[in-house]
Structures are given as structure tokens and as C-alpha cells.
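Note sheet for the following structure.
The chains referred to below are lettered A, B, ... by the order of the sequence lines, with proteins before strands, and numbering in each begins at 1.
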2 protein chains.
Amino acid sequence: MVASLVGDPARANMLTALMNGRALTASELAQEAGITPQTASSHLAKLEAGGLVEPEKQGRHRYYRLTDDDVAGVLEGLAGLAARTGHMRVRTGPKDPALRRARICYDHLAGDLGVQMLDSLRERNLVRQKKQDIELTAEGERFLAKHLQISPDMLAHPRRPVCKACLDWSERRHHLAGTLGAAMMQRFAELKWAARDATPGSRVVNFTRTGEKQFAALFGNGKD
Amino acid sequence: MVASLVGDPARANMLTALMNGRALTASELAQEAGITPQTASSHLAKLEAGGLVEPEKQGRHRYYRLTDDDVAGVLEGLAGLAARTGHMRVRTGPKDPALRRARICYDHLAGDLGVQMLDSLRERNLVRQKKQDIELTAEGERFLAKHLQISPDMLAHPRRPVCKACLDWSERRHHLAGTLGAAMMQRFAELKWAARDATPGSRVVNFTRTGEKQFAALFGNGKD
DNA sequence: ACGATGCTTCGGCTAACATCGAAGCATGAA
DNA sequence: TTCATGCTTCGATGTTAGCCGAAGCATCGT
């Protein structure tokens, strides 16, 4: 049955990651859902059998996308019902809470802190966001230069946007991706504010005590 | 999450039993699902917590009904997706053939007749359909004005499309939604061709004898 | 050819949850 | 009151399915 496919948290995470209409590879989806590639493979096979996603082979990658707009429509409907009861997902993937707090998404910061950072940037007009698209404002450029020593020319890249909104699977909100997102994460590492967990393959990002303080000073929302 | 609620077979059976809009007691639902009352009670509590059904106490019975038409709509969508992959649940009950024949989906006509109508419109170039999107042709506008006294300006709405394809759960095909779908259903009612079933909450649409004839004359496919 | 990368299959472990028997509350009827 | 009916709660059981490690293909890059 279709509903049971969507019912599983890991699969639901994958599907919502696909809701923007773009196709993602199996491993990207695994990351989005916070599970290993093996598990993701099993899930994707089921989703495919259920007609919810369609694969497209490209080299050694398999890109998955939602089958069509009917699927997207039904998913939206379900999300609508869920939102109505305030029954928004609390129960995320199987992994530890540290992963929810701060983690690497490709090469930029994700998790609670990642979302918080974008929120802060947006609130203070350092970036302007329209759906998926984010652009850096003049104030934003000054801010980056002053506090993080990041200059606009460091962010230029032929095939990658400077800013981009990336859907956060644990928070269900956007965090900052693109070359800027990557540059900021790299800067945090250089400043010894944070570092990827030592465990090989782990996506957890550990903040140092001073790093957490500095981060909160720049992007805090007063909650912690 | 809502989807996992619908995902369980026993709960899905209960929900489909409620799809006709009538309210059923807990024990009736248990029987529909083929489980004991204890188990049903647990399921119903979850469905209620998820906002899918609402209870109504009456004496020592508890009547359950679907919360509203939004829920019914989403369930239709899910059933539509399921039907598409051939993974149809057998449970759809020969109990209510009337529901399959003609019913209300939000505010427009669904079921066999709804699908038949859109087929006919498409075949005669009164509408043009591209996936989800449907647009009314010039001939279509003339047709509506002549036979149903529906003019284009009656269909304008700031936030709702005039035409839209809606997946039908009993047939595995599209029927016509949008303001046009609603307007046509309303017109059928005004012309006394059809009326919603008198049973409170029922979604069955009953056609009068003359109504059926007129409808067949306009949208018939020769099969009945 | 060789190794690296992306994805899949297999096997075993574990947690979640549907299920039912038995007992506990209600409500309605005698 | 006493009994019967409808439903719920509790406790125990068993199956399901998600999860990951290890190994197996396939494809790309050198």
C-alpha cells in the first residue's frame, strides 16, 4: 500500500527532499534521510515498486525523482493533514541527537544550528530569500568580510550558485548551501569553532565551547 | 505521521469503510477490518489522535466518521496512486457500487461518471489535457454556454484553477476538478439531474432517470 | 589493468507495533 | 440492584520490517 511507503520516517525524509522537483542520487537521499546507503537502497527499491519515484541511470549514479505531479500533490495533501493536527514530525531518523543539532550536508552546515544561521541571516537582511533562491545583500557582504573574512570573489564558481536554500531533514526548514554555505563551514573549521566528528564517515559536527559562543554571538536567537 | 496511520492494513480498511461518509460504530469498524474490538479500539484511538476520524458518543456506542472532506480527499488521492500501480486494495467493497458510480469529491463529480465525463470532453476537443493541466478550448466554451448555461466569467477565481485533473480512486483515471468541475456539478444539481444522497454525510450522488439520460446524451460513451 | 566510487544484495540483529485474552469501566435495560 | 452490552485498558506474545556490516557488481578514472 502506498501510505505505508510514505509512513516510514526514512522514506518520508527522502520524499520531502524530492519535493522540490529535482532529482537526487541514491547516496544524496541516504544522507538526507540520515541512513546508510544499503538501507536507502532498500527503501528506494520499495518506493520505485510503489510507483512513487522513478530512477534515471547516469553513469554510476542513479538519480531519483518523484514520478509525477500526482505524487507530489498527494504528498502535499498528507503534509497538510499532518500540519493541521500540529502533528508535525518529531520522530526523525534513527540516529543520535547530535546529528540533529549540527552536521555536514555535503560541505555545509545543517541541522538545528544550520537552520538557525539562515534564519538569523534572513532576519537581519544579510540575505534575501525567495523560495529556493537566496541572494547576498550589500550588508551581507560587509558582514561576511568583517566577521568571517570572506570576500565575494572567494565565492565565485562556474557551475555552483553562491547561495542556495537546502531543505533540512531534521528541522524541515531551509539552511544555507552553495559556495557561501561551504565557505562559512570551512571558516568555522579554520577558526576552530567546529570540526567534523573524528569517527570515520560521521556527519556530526562538534562545536568547541568558544566556537559555540562565537557562533551564538553572530547568529544566536537568544534561545540558547 | 499521518501516512503511517493510513499505512496499516487494519486502519486502511476502517478508513475505506468510512469513505462513504457515514459514521460507523467501533465494533462495526472492527468487523470491517477483521480484527477484535480491543485491537480496533487501539487503532481508532490513534486515528483520532491523528485527526483523521472524529468520534461521537451515542448511548453506549461510539460512532466514528472521517473528520472532514479534506481527509476524504487525501485518502482518495492515496487510493488513486495505489490503483495506478495495480496495487489496489481488494477491500474497496462491492458494498457500495453507488459510490463507485458517482460521488462527490470535494465539490465536483467523481467516480465512473466523472471519469467518463472528462474522457468525453477530451475526446471531442472541448478541453485539452496535458498531464495535470487542463485547459478549456474555444469549442469547449461554446459547448458549456449552449448546453449548461455556464459562461467563462462564472469560472474565474483568484486562487483556484478553472480546470484541473483529479485522480479518481475507484477508476484509475482522472476526472475534472477546478472551478469548472464544481460549476458543472452545481448545474447538474440545479437542473435536477442529480443530487447528493440524503443520508447525512454521504458522498454518494444519485442521478434521476432523466438526469442520467441527459448526462449520457452529453457525455455518453455508448456503453450505457 | 587496477583501484576508487556508487549502488545493490545478503544475513543477522533489534525495536516497534499489531494482535489477542482477560479484566476494568461505562451505559442501558430488567 | 443486577445483568448485559459496548468499549477501553493492561499485559504478554509474535511477526514484521528497518537497520547496518560485509561482500558483490557495475561504472568511471587513471
Salt bridge (Lys or Arg N to Asp or Glu O under 4.0 Å) between R62(A) and E48(A), intermediate numbers included: CA-CA 12 Å; R62(A) 264 176 90 105; E48(A) 186 184 346; 3.5 Å; yes
Distance, rounded to the nearest Å, where D8(B) contributes CG and dT16(D) contributes C1': 11 Å
Length of the CG-P vector between L29(A) and dT8(C), whole Å: 11 Å
Close approaches to DNA chain C from residues 41-48 of chain B, in residue order (heavy atom, under 4.0 Å): H43(B), K46(B)
Side chain proximity check, L136(A) to L144(A), heavy atoms < 4.5 angstrom: yes
First of R11(B) and Q38(A) reached from the 5' end of DNA chain C, by closest nucleotide: Q38(A)
Atom of H108(A), atom of A182(A) and distance for their closest heavy-atom approach: CB-N, 3.9 Å
Reading 5' to 3' through nucleotides 24-30 of chain C, protein heavy-atom contacts under 4.0 Å coded B for base, S for sugar-phosphate only, - for none: ---BS--
d(CE, M14(B); P, dT19(C)) in whole Å: 8 Å
Under-4.0 Å side-chain N/O to phosphate OP1/OP2 contact, T39(B) with dC20(C): yes
N or O in side chain of T36(B) less than 4.0 angstrom from dT19(C) OP1/OP2: no
For V6(B) against L78(B), the heavy-atom pair lying closest together: CG1-CD1, 4.1 Å
Closest heavy-atom pair and its distance - V71(B), G51(B): CG2-O, 4.1 Å
Sugar-phosphate only, base, or nothing, as touched by Y64(A) at under 4.0 Å among non-hydrogen atoms: sugar-phosphate
Q31(A) CD - dG6(C) C1' separation (whole Å): 12 Å
Plane angle bin for F207(A) and F188(A) - parallel if under 30°, tilted between 30 and 60°, otherwise perpendicular: tilted
Heavy-atom pair of closest approach, residues T16(A) and N13(A): OG1-O, 2.9 Å
Atom pair distance, as rounded to whole Å: CG in L5(B) and P in dC17(C): 11 Å
Which atom of A10(A) lies closest to which atom of H43(A), heavy atoms considered: CB-NE2, 3.8 Å
Identified side-chain contact (heavy atoms from CB on, under 4.5 Å) counterpart of L47(A) within the set V2(A), V53(A), L29(A), L18(A): V53(A)
Among dT8(C), dA18(C), dC20(C), the one nearest I35(B) by side-chain distance: dC20(C)
